[in-house]
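Working notes for the structure below.
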Number of protein chains: 2
Amino acid sequence: MNIGQASEASGVSAKMIRYYEEIGLIRPMGRTGNNYRVYGDVEVHVLRFIKRARNLGFSLEETERLLKLWQDKDRESAAVKEVAQVHVADLERRIAEMQSMVKTLKHLSHCCSGDNRPNCPILDDLAGEAPHPAGHG
Amino acid sequence: MNIGQASEASGVSAKMIRYYEEIGLIRPMGRTGNNYRVYGDVEVHVLRFIKRARNLGFSLEETERLLKLWQDKDRESAAVKEVAQVHVADLERRIAEMQSMVKTLKHLSHCCSGDNRPNCPILDDLAGEAPHPAGHG
DNA sequence: CCTTGACCTTCCCATGATGGGAAGGTCCAC
DNA sequence: GTGGACCTTCCCATCATGGGAAGGTCAAGG
C-alpha cells in the first residue's frame, strides 16, 4: 500500500503521515525500490488510532504517550486514565474560559442597539469606559 | 513614555507592541533621537483596547475591525454587534466540540478501572475496537 | 571619566498542527 | 512514448506569542 492508499484508509492526509514519521510519532516506513513508502494494515491501524486521539483533542505529545501505552502489553490502565483525565481537565478549563467570554459578549451584545447609531456598549467595554469590564485576564 | 512603560501601563508585552506595529494594527510610533519609540496616553488606551479584545477571544483581525469601528465616529453599532455575534457563534461551536470530547472522555474514563491491569476501554475506543467509538470528526 | 546595569533596537528562531505548492522522479495505461 | 496520477523532498504560510543574540543608549554612582 502506498501513502495515498494509507491516507485514504486511515483518514490521515499524506502530508500528515510524513510529518508524523518525521517527528518520530510513527516508525519510518520501509521503502520500495523507487523510494515510495510502503504501508500495511498494522500501520493503517496506528494511523487510525492517532486520528481518533486527535479527534478527541489529544495533542500529538499526548497521542504519542497513548500510542506507547497501547503498544505496551504490560501497561497499567491507571496511566492511560491519567492522560485522559489531565486532558479532560484542560478541556474543561478552556471551556470555562470561553463560556465566560460568551457570557460577557452576549450581555454586551444584548445591550447594543445594533442599528445605525454609533453608540455601542461593546466598544465602551473594550475602551474600558463601561460599567461591565471585560475582566478576562 | 518608552515602550517598557507603555507595556507596563497597558499590560501588552513590548514584544507584542512592536509586532502590532509591524502588522499594521497600530500606527508606527514616533521615535526619539536615539530611535526609541515614544508613547502617550492615547497609544496606551489603544493598547488596552486591544488587550481587552484579545481577552474576549477576538482574533487580531477582528480586533483590527473593532479598533477601526471604535475610531470611526460615523460607525453603525450594528457593524460592531455583527463582529461580536460572529465571534460568539465561533466560540459556541468550539465549546460544543470540546464538550462533546469531554463527554466521551469522561464516559471512557468512568469505564476504565484505572489500576495496575492493562485492559483499558480508553485504548479500546482509540483502537476502534470499542462499543463507543470516538466519533468526533 | 568610566563602568555597570537597565533599557532600547533589529533580526532570527521556535512553538503546534496543518496546508499549499514547486521541482523532480516513477509508474501504469493507452 | 506520452499523459496523468502518483510519489519524493524542500520551502513557506498560518496565528499569536516568546526567547534570545548582538549591538546601541542612557542614567546613576564610583
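- No donor-acceptor contact under 3.5 angstrom links the side chains of A:Ser13 and A:Ser7, judged on distance only.
- For B:Asn35, counting side-chain heavy atoms from C-beta on, the closest listed nucleotide (C:dT9, D:dC26, C:dA17) is C:dT9.
- In this structure, the CE atom of B:Met1 is 15 Å from the P atom of C:dC7, given to the nearest Å.
- Side-chain atoms of A:Arg37 lie closest to D:dT8 of the nucleotides D:dT8, D:dT17, C:dT10.
- Distance B:Tyr39 OH to C:dC7 C1': 14 Å, rounded to the nearest Å.
- In this model, the phosphate group of C:dT18 is not approached by any side-chain N or O of A:Ser13 to a distance below 4.0 Å at OP1 or OP2.
- Taking the charged nitrogens against the carboxylate oxygens, B:Arg54 and B:Glu62 have no contact shorter than 4.0 Å, which rules out a salt bridge.
- Contact annotation: B:Arg31 side-chain N/O to C:dC8 OP1/OP2 distance is not under 4.0 Å.
- When the P atom of D:dT17 is taken as reference, atom CG of B:Leu25 falls 10 Å away, rounded to whole Å.
- A:Arg18 comes within 4.0 angstrom of a nucleotide base, judged by non-hydrogen atoms across all strands.
- Computed from coordinates, the A:Tyr19 OH to C:dT18 P distance equals 8 Å when rounded to whole Å.
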- Evaluate salt bridge (charged side-chain N to carboxylate O under 4.0 Å, His left out) for B:Glu21 paired with B:Arg37, printing each intermediate quantity in order. CA-CA 11 Å; B:Glu21 180 183 315; B:Arg37 290 171 179 83; 2.9 Å; yes

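- When the nucleotides D:dT8, D:dT17, C:dT18 are ranked by their closest atom to the side chain of B:Tyr20, D:dT17 comes out on top.
- Under a 3.5 Å cut-off, the side chain of B:Ser77 and the backbone N or O of A:Cys120 do not form any donor-acceptor pair.
- For A:Asn2, the listed nucleotide lying nearest its side chain is D:dC7; candidates were D:dC26, C:dT18, D:dC7.
- For A:Tyr36 against C:dG25, a side-chain-to-base donor-acceptor contact under 3.5 Å is present.
- Nucleotides of DNA chain D nearest to B:Ser59 and B:Lys15 differ in position, and the one nearer the 5' end is that of B:Ser59.
- The CD1 atom of A:Ile23 sits 16 Å away from the P atom of C:dA14 (whole-angstrom rounding).
- If you measure from atom CD of A:Glu21 to atom P of D:dC7, you get 14 Å, rounded to the nearest angstrom.
- The distance between atom CG of B:Asn34 and atom P of D:dC26, rounded to the nearest whole Å, is 5 Å.
- Checking side-chain atoms of A:Lys81 against main-chain N and O of B:Ser109 turns up a donor-acceptor pair under 3.5 Å.
- Note: CD (B:Glu22) to P (C:dT9) measures 13 Å, nearest angstrom.
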